[in-house]
2 protein chains.
Amino acid sequence: MVTMSDVAKAAGVSVMTVSNVINGHRYVSDETRRKVTEAIERLGYRMNLAARNLRSGNTGVIGLAVPDLDQPYYGQLAALLVAEARRRGYRVAIEQTGASREGEAEALVHSRLRMYDGLIIATVEVGDAEAGALFADFPVVALGERISTASVDHVGMANYEGARAATRHLLEVGCRRIASVGGRTDGAPGAATLRTSGYLAALREAGIDADERLVLPCAFVSEAGAAAVRRLAADGVPFDGVMCMTDTIAMGVLRGLADLGIGVPAEVAVIGFDDISQATFTVPALSTVAPGHVEMVNAALDMLVERVKGTRPEGVNRQFTGPHRLVVRESTRR
Amino acid sequence: MVTMSDVAKAAGVSVMTVSNVINGHRYVSDETRRKVTEAIERLGYRMNLAARNLRSGNTGVIGLAVPDLDQPYYGQLAALLVAEARRRGYRVAIEQTGASREGEAEALVHSRLRMYDGLIIATVEVGDAEAGALFADFPVVALGERISTASVDHVGMANYEGARAATRHLLEVGCRRIASVGGRTDGAPGAATLRTSGYLAALREAGIDADERLVLPCAFVSEAGAAAVRRLAADGVPFDGVMCMTDTIAMGVLRGLADLGIGVPAEVAVIGFDDISQATFTVPALSTVAPGHVEMVNAALDMLVERVKGTRPEGVNRQFTGPHRLVVRESTRR
DNA sequence: TTGTACGCGTTATCAT
DNA sequence: ATGATAACGCGTACAA
């Protein structure tokens, strides 16, 4: 393994000079610089980052913990985050938590092993208790809705407002019996509950009584969406619109409605949430709520980098909520 | 920052003993172990991985370079790889190359910065020349089709056979004018060319003359698939089947056919390649070729870990080709 | 402008 | 069964 001192020897200078050339820290004569660069090239020297990290105390890597990259929403979030982080000089290591408390807690512990300079965690399960214990003294930004204390920097999205706008849109195109697939009213912390509140608010504002049979809690996967509408049909519950908690669910709902021979948007209008890229290509194309991914990712990175660099005083936490935008495509156009 | 020697001091032992307790290397008396464990707990000590890495010469991290996580195919590949790598005790850092030569070359250079113990790279553009220069003396496994020299371990899939089987399937359900969307006959290295060969072979075997107007080169994105069928229709080229080079393209093709009011599979049968998870939920559900992702990911990891651990002699390269399986869903069922 | 010496936290070796 | 010491490769005072 070629080290700095090998290069120094070959170039006839000291390691300090080599270090200075590499990092451009101090003035180095052109002649010396040339000699050093040549030696680096000739020997095929590469910096040992482990050594630099040990010395400097940081790694240039930020961790991203998501439930599952396989889900388009998280894949797209990760893609954006990796690209933006890179622009700021950071690399991204990804952990999959499997949406489990253990997975999330483990990601937090690992990052504190100083593998990462900071961690962005899309929380689903880790609650306040764990958060308080684990987040202490390590730069963490929570992305999502599970964290309610102000004990950590947090980037969220307009769950309530977005869902309300989506439901209002369904009402505007004439729906009167709108199902909420993936919704829940048990108060469990998380996006599902917040979005369901927005849905209920819109109904209330329109003077429509909510039918509890139209709120169908389910996992945020396509299979569940398809199953939900099948159940609705089997139970003979009439509905003319579906507000899905996520686009992934909505893809399943479209699928399920197709199986049932129910026309979209003619008989039932469908809207999703998240604006994943596939939403453009479903048949019919899916209307949805775009939650400002770019803004969210940038806000999260800004917050994290501030923490990592120690620019921000301890104890002062930030909160950012992404802008939301209604995207009308075919599935609600009539 | 709590270090080993802090723990050693608190427990009244030497750092070596602490290290032994943590790594379970040598025999340590139960009493000593208890004291050390207690001290670790009480002080909240965490291993410093940078130091361990410096000492041991490896990082426990493998790099994964993919064109773009946003593409479902790569997102799902990454999800699988992160999970499997973790089972083997490795973490995964992801780089996005943007499918550019620069991006791929850069990923290779970075990994040689000893940030990673090895690199799995889904090559699209880096050719033999670069490969030879960059791969030297660093554990790399190429995933994909661009590398043709035997200068590096390689995991590929049954592009030719898979495409041939898919096309044969279209022929069996009665198609006679089968378009190849994303196909290319210019011989450019890569999956597109190999799959097109399989497509042409199946046509030849069925005694059908290939119509060059039915081969439509395009990017591997949904937009391009939709555009391709629109062009076909606009040009008045008749077709009754579409063999898509990827499922992502196929989603666009389904979309494009829906726009044109063409029934699938009644008027035109459609098949994809890759078996991404969304293929189950398109309307109609997409028939496709499953390229044995799990086997490929495991093979790639096995190869890489062998290299990293130095189990395998230099210069002896391995090649693995994943199994393929035809998955028939609605888009070709008639 | 360049060089020397030491420390970052861990582990392997050798000794006790 | 446990401990002392020397690396691992780099960066930073401080000295020259």
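Here the structure is a predicted model, which means the values were calculated and not measured. Every chain is numbered from 1 and lettered A, B, ... according to where its sequence line falls, protein lines coming before strand lines.
Here A:Arg33 pairs with nothing under the salt bridge (charged side-chain N to carboxylate O under 4.0 Å, His left out) rule; sequence neighbours left out. Remark: B:Gln76 engages B:Ser277, B:Gln278 in a side chain to side chain donor-acceptor pair (under 3.5 Å) (not counting sequence neighbours). Listed by chain and residue number, nothing satisfies the ring-ring contact (aromatic ring centres under 6.0 Å, His included) test with B:Tyr90 (two or more places apart in sequence, or in another chain). By the side chain to side chain contact (heavy atoms under 4.5 Å, CB included) test, B:Glu41 is found to be paired with no residue, residues two or more places apart in sequence or in another chain being considered. B:Ala50 pairs by the side chain to side chain contact (heavy atoms under 4.5 Å, CB included) definition with A:Asn53, A:Leu54, B:Asn48, not counting sequence neighbours. Scored by the side chain to side chain contact (heavy atoms under 4.5 Å, CB included) test, B:Lys9 finds no partners at all (sequence neighbours excluded). Residues passing the salt bridge (charged side-chain N to carboxylate O under 4.0 Å, His left out) test with B:Asp70, sequence neighbours excluded: none.
For residues 5-18 of chain B, proximity to DNA chain C is found at B:Met16, defined as any non-hydrogen atom under 4.0 angstrom from a strand atom.
Note: CG (A:Asn20) to P (C:dT1) measures 11 Å, nearest angstrom. One can place NE2 of B:His25 at 9 Å from C1' of C:dA12, the figure rounded to the nearest angstrom. The distance from atom NZ of A:Lys35 to atom P of C:dT1 is 14 Å, rounded to the nearest whole Å. Rounded to whole Å, the distance from CG on B:Asn58 to P on C:dT11 is 12 Å.
The side-chain heavy atoms of A:Leu304 and A:Asp153, taken from C-beta on, include no pair separated by under 4.5 Å.
Sorted by first and then second residue, the pairs that involve residues 10-22 of chain B and meet side-chain hydrogen bond (donor to acceptor under 3.5 Å, both in side chains), not counting sequence neighbours, are B:Ser14-B:Thr17, B:Ser19-B:Asn23.
Screening A:Leu143, A:Val140, A:Val66 against A:Ile121 for a side chain to side chain contact (heavy atoms under 4.5 Å, CB included) leaves a single residue, A:Val140.
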Using atom names, set out every protein N or O paired with an N or O of nucleotides 7-9 of chain D below 3.5 Å, distance rounded to 0.1 Å.
from, atom 1, to, atom 2, distance (Å)
D:dA7, N3, B:Arg55, NH1, 2.3

Scan nucleotides 14-16 of chain D against the protein and return all N/O pairs shorter than 3.5 Å with their distances rounded to 0.1 Å.
from, atom 1, to, atom 2, distance (Å)
D:dC14, N4, A:Arg26, NH2, 3.0

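The residue A:Asn23 sits close only to the backbone: its heavy atoms come under 4.0 Å of sugar-phosphate atoms, none of a base.
In this structure, CG on B:Leu119 lies 6.0 Å from CZ on B:Phe138, to the nearest 0.5 angstrom.
Each end of the helix from C:dT1-D:dA16 to C:dT16-D:dA1 gets its own rotation axis from five pairs of C1' atoms, and the angle between them is 40° to the nearest 10 degrees.
Inspection of the A:Thr321 and A:Gln319 side chains reveals an N or O donor paired with an N or O acceptor under 3.5 Å.
Salt-bridge check for B:Asp117 with B:Arg307: failed, with every basic side-chain N at 4.0 Å or more from each acidic carboxylate O.
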